> 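Okay, here's the structure, questions in a sec.
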Amino acid sequence: MEKMMTEYEKAARKTYEKVPIHELINFDKKPEKPVKVSIVIPVCNVEVYLRECLDSAVKQTLKDIEIICVNDGSTDNSLTILKDFARKDNRIKIISKDNAGYGHTMNIGMDMAQGEYITILESDDFVDLHMYEDLYKLATEKRLDWIKSDFNRFVVENGEIKKTYIDIARRAKDLYNKVISPKEDKRAFSLVMQTWSGIYKRTFLIENNIRHNETPGASYQDNGFWFQTMMYASRAFFYNKPYYMNRRDNPNSSVHNKEKVYCMNVEYDYIRNILEKDKALFLQYIFQYSYKKFLNYIFTYNRIGNEYKWEFLIRFQKELIEADNKGEIDWQLYKEEEKKELLLVLNHPEEFFSLKREEKIKREAEKEKKKELDIAKKENTQLKNEILKMEEQCKDKQRYIYRLWNSRSFKLGKTLIGIPRKIKDCYLRKQRDTENNNENKKVHIVCITDENYSMPTTVSITSMKLNKKESSIYTIHILANNISSDSENKFLSLSDENFIIDLIKVEQDERFKTFKKGDGDLHVSPAAILKFKIPQILNNVGKVLYLDGDTIIQGDLRDLYNTNITGKYAAVVKDILSERNPKHLKFLKYKNKFYFNSGMMLLNLTKIRKENITEKLIDYRLHGINHFMDQDALNVVFKENVVYVSPRYNFLNKFYDWWDGERLSVFYMENMADRAKTAYKEAVILHLGSHEKPWIYDMGYLTRLYKKYYKRSPYRNIRLEVKSIEG
């Protein structure tokens with residue numbers, strides 16, 4: 001009596017019989033040991049890249065592998081290259097068949113695999129030689145359904161590989177390096193979607209009948225495979241180490257095909273059909289399905305040719321309206337920018353169309369301008385020398401004017417007050433003309449918080465995100481000391497592609513765990529002492545911008561971050577404390593001319609590590625003369641090895657309580673506004689550094705400003721109550 005076939009066996013037979021198979025090479029060669037990992041390589045007209053791909057597979061440190069190359073009707077020399085490799089290594093097995101598309105190619109390769117785990121290697125990519133040994137070891141030790149690692153995207157320019165690191169769990173970094181179940185923690189569905197940087201247990205794929213959609217061509221059939229592996233997995237693992245090299249400069253890649261318009265729609269119909277076969281699955285994952293579908297439709301809209309965009313957009317809108325009417329959209333899953341796009345497509349597709357067109361024109365113009373500026377910068381060394389000369393002249397004039405301001409000739413100082421600004425602006429204008437968009441767009445920022453300061457720090461980071469330039473790429477390293485999971489989630493919810501939240505849980509140094517200030521002044525948290533440990537915690541970062549949590553960021557921070565601090569410990573803002581309270585400097589036995597506020601510091605971590613400054617700071621904090629939590633130690637140890645920048649980058653809200661605009665202008669050598677409110681608006685970093693805080697007390701304009709960002713923060717659903725300062 002014939003055995004009843006499983007759903008998987010039926011599907012596998014259907015796949016095998018779909019198109020003619022012309023050759024099976026090395027499948028009759030039995031391995032000496034059981035196969036640990038089967039590497040499936042889909043091949044179709046990739047002769048340019050194929051040898052590099054195969055080399056990386058055959059040279060793996062894990063030897064108990066099989067390499068199944070599925071030739072999908074190639075018309076170039078790909079099959080010849082495969083046979084050359086197969087003659088030398090019988091672990092390479094070849095299936096040569098008629099062209100039937102990526103999904104069919106992947107399915108037949110996986111169906112014929114014998115390994116304990118299966119992996120995918122695209123034929124224009126390559127992998128680190130340790131990849132499969134490392135991942136297999138972790139997978140078997142932890143009994144995983146699948147494991148995925150980070151990867152690098154790359155292009156080859158002038159013979160050199162230029163790569164971009166992709167951390168696949170950047171939206172939820174706490175999911176790294178531990179066994180998770182996507183069924184229970186659905187944040188996993190928001191992570192980077194790709195199928196080839198990991199390995200999958202073969203029995204897991206078979207038992208759940210997980211397959212690729214067999215539509216024609218190479219048309220995003222990995223979406224359906226990815227979604228199934230996510231929703232069926234009970235034991236999954238994200239590993240924060242890159243092994244896979246994903247090529248982005250293959251002109252034949254489907255990413256570059258502007259005429260494939262509705263292939264993503266077909267793929268998401270395939271996924272929906274799977275969900276609709278099981279009501280429990282449908283109810284469990286419909287929100288994640290709708291969210292992922294939306295993101296990939298946006299990706300498709302940006303990819304396809306202009307002549308297809310409006311037609312696609314109308315279909316996009318129709319499907320969104322249907323989903324919204326059926327209650328299949330969970331609005332909480334969408335980030336603010338995603339919500340804006342979702343609402344536009346739903347209600348005003350013509351506005352979405354115009355907005356995207358303008359964005360594309362702007363991007364192309366900026367790209368062209370950058371290209372021209374790069375050429376000009378390389379060729380015009382004479383202009384560069386002139387800029388350096390002008391910069392030195394600016395410094396000399398600023399020193400001269402400062403001496404005048406500190407003399408008795410105060411009126412002369414007031415008359416000349418605008419000169420340094422004009423000189424500096426002159427220099428900056430010329431500098432921008434030559435370097436405009438060529439500066440580093442990446443900015444590393446550090447914030448330190450504990451549970452008491454989680455809300456203000458979150459609001460500060462929200463203001464940072466809302467006011468940065470679209471082209472700037474921020475990584476926010478949050479050093480969190482004993483915060484709740486709710487606070488963690490609020491921080492992580494701010495993360496997106498160009499605004500990366502790196503939440504690092506830290507413990508206070510044992511020497512400071514029970515530390516309390518002698519005068520009982522605790523408006524500055526003891527967590528501030530963790531500033532000393534930043535160079536050690538971020539040991540792979542050369543420079544960071546540290547910001548206190550009681551700040552409001554009102555502009556982009558890239559210009560500040562690109563300040564030249566070579567040979568210095570930090571770029572800082574002078575504090576008027578040196579003149580307002582000289583007794584404090586005498587108390588410290590402080591001999592330097594200026595004192596700085598530590599609420600903003602652009603730190604040269606490389607120099608600080610090299611000169612072991614962290615231990616010097618800790619030693620002074622423990623044994624030196626201190627009043628402020630961290631600030632005195634930083635000033636005494638850094639001494640004059642700092643660069644002073646504009647007060648706009650650390651503008652204390654108490655400045656105008658202490659001095660008027662005229663006196664502040666003379667001290668900072670910069671024209672300051674007559675009124676505090678005007679100065680607050682002009683500040684890039686507004687530092688709410690007094691004992692009174694606008695989220696506790698009604699401080700008029702400052703509280704109104706604070707509420708503006710609070711209402712856009714993850715705390716917006718919690719009412720902010722403030723009380724009268726007099727009360």
Side-chain angles (χ1 to χ4, degrees), residues 4-19 42 100-111 118 120 145-146 182-183 186 188-190 193-195 200 204-234 236 254 260-301 304 312 314-330 333 342 345:
M4 186 173 289
M5 295 175 69
T6 65
E7 289 299 313
Y8 167 78
E9 288 170 333
K10 290 177 184 176
R13 174 178 285 187
K14 187 176 179 181
T15 294
Y16 192 83
E17 295 174 349
K18 187 171 185 177
V19 297
Y102 181 86
H104 179 267
T105 299
M106 289 309 308
N107 284 344
I108 199 168
M110 289 184 166
D111 290 343
I118 296 177
I120 301 163
D145 294 324
W146 53 257
K183 299 174 185 178
K186 292 190 175 68
F189 283 84
S190 70
M193 198 234 81
Q194 47 77 31
T195 60
Y200 307 85
F204 162 71
L205 298 177
I206 292 171
E207 288 166 4
N208 293 288
N209 195 23
I210 297 174
R211 308 181 66 72
H212 290 78
N213 187 14
E214 295 187 10
T215 46
S219 304
Y220 306 100
Q221 295 95 335
D222 52 352
N223 279 254
F225 183 85
W226 177 89
F227 202 91
Q228 292 173 82
T229 59
M230 293 295 290
M231 69 181 186
Y232 287 123
S234 297
S254 56
K260 286 190 174 183
V261 180
Y262 294 111
C263 50
M264 195 68 78
N265 306 62
V266 173
E267 187 66 8
Y268 275 85
D269 286 345
Y270 170 74
I271 300 170
R272 189 179 183 95
N273 287 335
I274 294 171
L275 291 175
E276 288 180 341
K277 290 176 183 177
D278 186 327
K279 187 176 180 180
L281 276 180
F282 184 87
L283 293 174
Q284 188 173 6
Y285 296 113
I286 187 59
F287 292 144
Q288 283 68 38
Y289 165 83
S290 296
Y291 177 62
K292 213 67 186 178
K293 176 179 173 178
F294 170 78
L295 294 182
N296 280 292
Y297 276 25
I298 292 290
F299 164 79
T300 300
Y301 180 88
I304 59 178
F312 177 83
I314 295 306
R315 180 164 167 179
F316 188 0
Q317 182 196 34
K318 181 181 177 182
E319 292 187 29
L320 270 183
I321 290 171
E322 288 176 0
D324 193 33
N325 290 339
K326 292 176 182 177
E328 295 176 358
I329 296 175
D330 181 356
L333 294 178
L342 178 55
V345 176

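Please read these numbers as outputs of a predicted model, since none were measured by experiment.
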> Indicate the atoms forming the closest heavy-atom contact of Ala11 with Asn209, along with that distance.
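In terms of heavy atoms, the two residues are closest at CB-OD1, 4.2 Å.
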> Determine whether Tyr289 and Ile274 make a side-chain contact, defined as any pair of heavy atoms from C-beta on separated by less than 4.5 Å.
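They are not in side-chain contact.
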> Could you please spell out the steps behind the side chain to side chain contact (heavy atoms under 4.5 Å, CB included) verdict for Leu205 and Thr229?
CA-CA 8 Å; Leu205 298 177; Thr229 59; 4.2 Å; yes
> Would you name the heavy atoms of Met264 and Thr300 that are closest together and state the gap between them?
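So the minimum-distance heavy-atom pair works out to CB-OG1, 3.5 Å.
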> Shortest non-hydrogen contact from Ile120 to Tyr102?
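Closest approach of Ile120 to Tyr102, heavy atoms only: CG2-OH, 4.0 Å.
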> Side chains of Tyr297 and Asn265: donor-acceptor distance under 3.5 Å anywhere?
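Their side chains do contain a donor-acceptor pair, which is all the 3.5 Å distance test asks for.
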> Closer than 4.0 angstrom, basic N to acidic O: yes or no for Glu9 and Arg13?
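Salt bridge flag = no for Arg13 with Glu9.
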> For the side chain of Asp324 and the backbone of Leu320, is there at least one donor-acceptor N/O pair under 3.5 Å apart?
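Side chain of Asp324 to backbone of Leu320: no pair is present.
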> Provide the closest heavy-atom pair for Glu328 versus Phe287 in the form atom of the first, atom of the second, distance.
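Distance-wise, the nearest heavy atoms are O-CD2, 3.4 Å.
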> What's the spacing between Asn107 CG and Phe225 CZ if we round to 0.5 Å?
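So the gap between those two atoms works out to 8.5 Å.
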> Before you tell me yes or no, could you show the steps for Asp111 and Tyr16 under side chain to side chain contact (heavy atoms under 4.5 Å, CB included), namely the whole-Å CA-CA distance, both residues' side-chain angles and the distance that decides it to 0.1 Å?
CA-CA 9 Å; Asp111 290 343; Tyr16 192 83; over 6 Å; no
> Under 3.5 Å, side chain of Asp145 to main-chain N/O of Ser234, donor-acceptor pair present?
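Between the backbone of Ser234 and the side chain of Asp145 there is a qualifying donor-acceptor contact (under 3.5 Å).
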> Is a donor on one side and an acceptor on the other found under 3.5 Å between the side chain of Tyr200 and the backbone of Thr195?
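It does hold such a pair.
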> Is there side-chain contact between Met231 and Gln284, with heavy atoms separated by less than 4.5 Å?
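No, every pair of side-chain atoms sits at 4.5 Å or beyond.
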> To the nearest 0.5 Å, tell me how far Phe204 CZ sits from Asn208 CG.
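Going from CZ on Phe204 over to CG on Asn208, the span is 5.5 Å.
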> Taking Glu322 first and then Lys326, would you say they form a salt bridge - that is, a charged N and a carboxylate O separated by under 4.0 Å?
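Salt bridge absent between Glu322 and Lys326.
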> Side chains of Lys292 and Met193, heavy atoms from C-beta outward: is any pair under 4.5 Å?
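Yes, close enough: below the 4.5 Å cut-off.
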> Between Arg272 and Phe282, is any pair of side-chain heavy atoms under 4.5 Å apart?
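The answer is yes; the side chains approach within 4.5 Å.
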> Run the numbers on Tyr268 and Asn223 for side-chain hydrogen bond (donor to acceptor under 3.5 Å, both in side chains), then give the verdict.
CA-CA 8 Å; Tyr268 275 85; Asn223 279 254; 3.0 Å; yes
> Grab the two heavy atoms, one from Trp146 and one from Ala233, that are nearest each other, plus how far apart they are.
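The pair with the smallest heavy-atom distance is NE1-CB, 3.3 Å.
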> Looking at side-chain heavy atoms only, is the closest gap between Glu319 and Lys293 below 4.5 Å?
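They are in contact (side-chain heavy atoms under 4.5 Å apart), so the answer is yes.
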> Would you say the side-chain atoms of His104 pair up with the backbone N or O of Thr15, donor to acceptor, closer than 3.5 Å?
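Checking the backbone N and O of Thr15 against the side chain of His104, a donor-acceptor pair under 3.5 Å is found.
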> Is it the case that the ring center of Phe227 lies less than 6.0 angstrom away from the ring center of Phe189?
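Ring centroids of Phe189 and Phe227 are less than 6.0 Å from each other.
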> State whether the side chain of Lys279 and the backbone N or O of Glu276 hold a donor-acceptor pair below 3.5 Å, judged by distance alone.
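Such a contact is absent between Lys279 side chain and Glu276 backbone.
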> Just wondering, do Lys186 and Tyr291 contact through their side chains at under 4.5 Å, heavy atoms?
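Side chain of Tyr291 against side chain of Lys186, heavy atoms only: no contact under 4.5 Å found.
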> Should the pair Glu214-Lys14 be classified as a salt bridge under the 4.0 Å nitrogen-to-oxygen rule?
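No, no charged N to carboxylate O under 4.0 Å.
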> Give, for atom CD of Glu267 and atom CG of Asn213, the distance between the pair rounded to the nearest 0.5 Å.
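Separation between the atoms: 5.0 Å.
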> Between Tyr270 and Arg211, which heavy-atom pair has the shortest distance, and what is it?
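Distance-wise, the nearest heavy atoms are OH-O, 3.2 Å.
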> How long is the straight-line distance from CG of Asn296 back to CZ of Phe299, given to the nearest 0.5 Å?
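If I round to the nearest 0.5 Å, the distance is 7.5 Å.
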